[in-house]
Protein chains: 2
Amino acid sequence: MNQPRVFLVDDHELIRTGIRSELAGVVELVGEADEVAAAIDMIIERSPDVVLLDVHMPGGGGVAVLRAVGDARPSVRFLALSVSDAADDVIAVIRAGARGYVTKNISGAELADAIYRVAAGDAVFSPRLAGFVLDAFSLEGRHLEAGDVDPELDQLTTRERQVLRFIARGYTYRDVAVELAISPKTVESHVSSVLRKLQLTNRHQLSRWASERHLL
Amino acid sequence: MNQPRVFLVDDHELIRTGIRSELAGVVELVGEADEVAAAIDMIIERSPDVVLLDVHMPGGGGVAVLRAVGDARPSVRFLALSVSDAADDVIAVIRAGARGYVTKNISGAELADAIYRVAAGDAVFSPRLAGFVLDAFSLEGRHLEAGDVDPELDQLTTRERQVLRFIARGYTYRDVAVELAISPKTVESHVSSVLRKLQLTNRHQLSRWASERHLL
DNA sequence: CACGCAGTAGGGGAGAACCCCGAGAAGAGC
DNA sequence: GCTCTTCTCGGGGTTCTCCCCTACTGCGTG
């Protein structure tokens, strides 16, 4: 294969410089961006093979780029690059469509290898991440807010949503009360509100409602 | 790294021979099995680093091996090997705990590379598979292998199964009684039997049990 | 025929669920 | 300051769940 055409998105100048020099001569760097909006425009314009994408950026982060470009240029593959190995971050970008996720402590050679693999269609994960990404998958994807707006869910207050999750899992009022360190009566109160707002009549319907929305 | 210790499970003699010669000198082959039960025993006994596991085998398939060994030897990593690239197969083994999945048309060198990567903790997928595995993840995989014979479900009488379905949908005893034209007390009676036989304690667990088996 | 099993049904009770009502504290907004 | 929402908590009551127990009927098997 020829050198893959790579686009680099990161808001840290230093990191871009480091990556640029590590990858010099190994891949074809077709552009860089240091913020979300510019990244989206340039990626769509240049259609690189692989986008090296920082996860944490002002203006929506890497997920925003993935969403925007994914529709316009589905052939562009994304390799998420992050200092974080937090499960939520990883899962969020994977769900948004990234084909790989590596942390920034990998070597230049490993990064190059990862880019070639992603360009070839492989999925690439750092060893430490592979485990829980697949675990999360095998357990069944936990939900991710990240954007989608649910008018019904939005009616609920934060506390009500917390209570809802326990109830939908089959916890009794008493269990939830212990879990949240409040009175069972308060739990009851929240559940009543939830049932009323969602126009449901009992906890079984609530369980179904929640599981349809993948809140469990 | 030293050569990883590899165990090979496949019911086709020809394929085992092929793999054996391809991997000779590259990895340390510590054993082989051609059927599920033997595979489970030998893997647990020998604790290899990586198990090369055929997906389609009589006696439960690779998933049965994954399940049985996963509990006893959680450190053993599995690389699923299959002629099939059907989404259901792939997803089933991933959910059962496999750390990788490659099809049998890969080269010996690629297979060796995949084994080393899995041994190191990486997740490995054939290019063609990486896409939809991650797609399934991002959409949220909700596939189940077809339920063949279910010993737990078999314990239940016809009537108990009828009642179970209503209860799992959130019907009250009274509702079910009306539906089946019997007394609520009889419904209660059946539910008690079901809970006892399945060793569950309440209707919520029953709902989960039923939905896992697609009885709704 | 005796026995076990599936299906039917009821009594009684402890605890959970769900409903009505009211009410105080804390914070956000006009 | 006043209001509105959220979160908190209680009393009191009805219904539902789940458990214990007993008991009758019909049906197939040894």
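Keep in mind that the numbers below use all heavy atoms, side chains included, and drop hydrogens, waters and symmetry copies.
In this structure, His190(A) reaches the dT8(D) phosphate: one of its side-chain N or O atoms is under 4.0 Å from OP1 or OP2. Neither OP1 nor OP2 of dC9(D) sits under 4.0 Å from any side-chain N or O of Ser189(A). Side-chain nitrogen and oxygen atoms of Thr157(A) include at least one within less than 4.0 Å of the OP1 or OP2 phosphate oxygen of dC7(D). A close approach under 4.0 Å does not occur between any side-chain nitrogen or oxygen of Thr158(B) and OP1 or OP2 of dA6(C).
Here Ser183(A) lies in heavy-atom contact (under 4.0 Å) with sugar-phosphate atoms only.
Between dC19(C), dT8(C), dA6(C), one nucleotide has an atom nearer to the side chain of Leu195(A) than all others, and that is dC19(C). Taking the side chain of Val191(B) as heavy atoms from C-beta on, and the options dC18(D), dT8(C), dG10(C), the nearest nucleotide is dC18(D).
Computed from coordinates, the Arg161(B) CZ to dA6(C) P distance equals 11 Å when rounded to whole Å. In this structure, CG of Leu200(A) is placed 16 Å from C1' of dC19(C), rounded to the nearest angstrom. The separation between Gln162(B) atom CD and dG7(C) atom P is 8 Å, rounded to whole Å. At whole-Å resolution of the value, NE2 in His204(A) and C1' in dT15(D) are 12 Å apart. Spacing between atom CG of Leu164(B) and atom P of dG7(C) amounts to 13 Å, rounded to whole angstrom units. Remark: C1' of dA6(C) and CD1 of Ile182(B) are 12 Å apart, rounded to the nearest angstrom. Summarising the geometry, the separation between CD on Glu160(A) and C1' on dT8(D) is reported as 13 Å, rounded to the nearest angstrom.
No side-chain donor-acceptor contact under 3.5 Å links Gln162(A) and Thr158(A). His204(A) and Arg169(B) form no side-chain donor-acceptor contact under 3.5 Å, judged by distance and modelled atom types alone.
Taking the ring centre of Tyr171(B) as origin, the terminal cationic atom of Arg165(B) falls outside the region bounded by 6.0 Å and 45° from the ring axis.
Put simply, the side chain of Arg16(B) does not reach to within 4.5 Å of the side chain of Val9(B), judged on heavy atoms. Annotation: side chain of Val30(A) is not in contact with side chain of Val6(A) (no heavy-atom distance under 4.5 Å).
Within a 6.0 Å radius of CZ in Arg174(A), other residues, nucleotides and ligands contribute 12 heavy atoms or fewer.
Among the candidates Thr201(B), Leu195(B), Val194(B), the single residue satisfying the side-chain contact (heavy atoms from CB on, under 4.5 Å) test with Leu198(B) is Val194(B).
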Tabulate protein N/O versus nucleotide N/O from nucleotides 12-17 of chain C, keeping only pairs under 3.5 Å, one per line.
from, atom 1, to, atom 2, distance (Å)
dG12(C), O6, Lys185(B), NZ, 2.7
dA16(C), OP2, Arg174(A), NH2, 3.0
dA17(C), OP1, Arg203(A), NH2, 3.0
dA17(C), OP2, Tyr173(A), N, 3.1

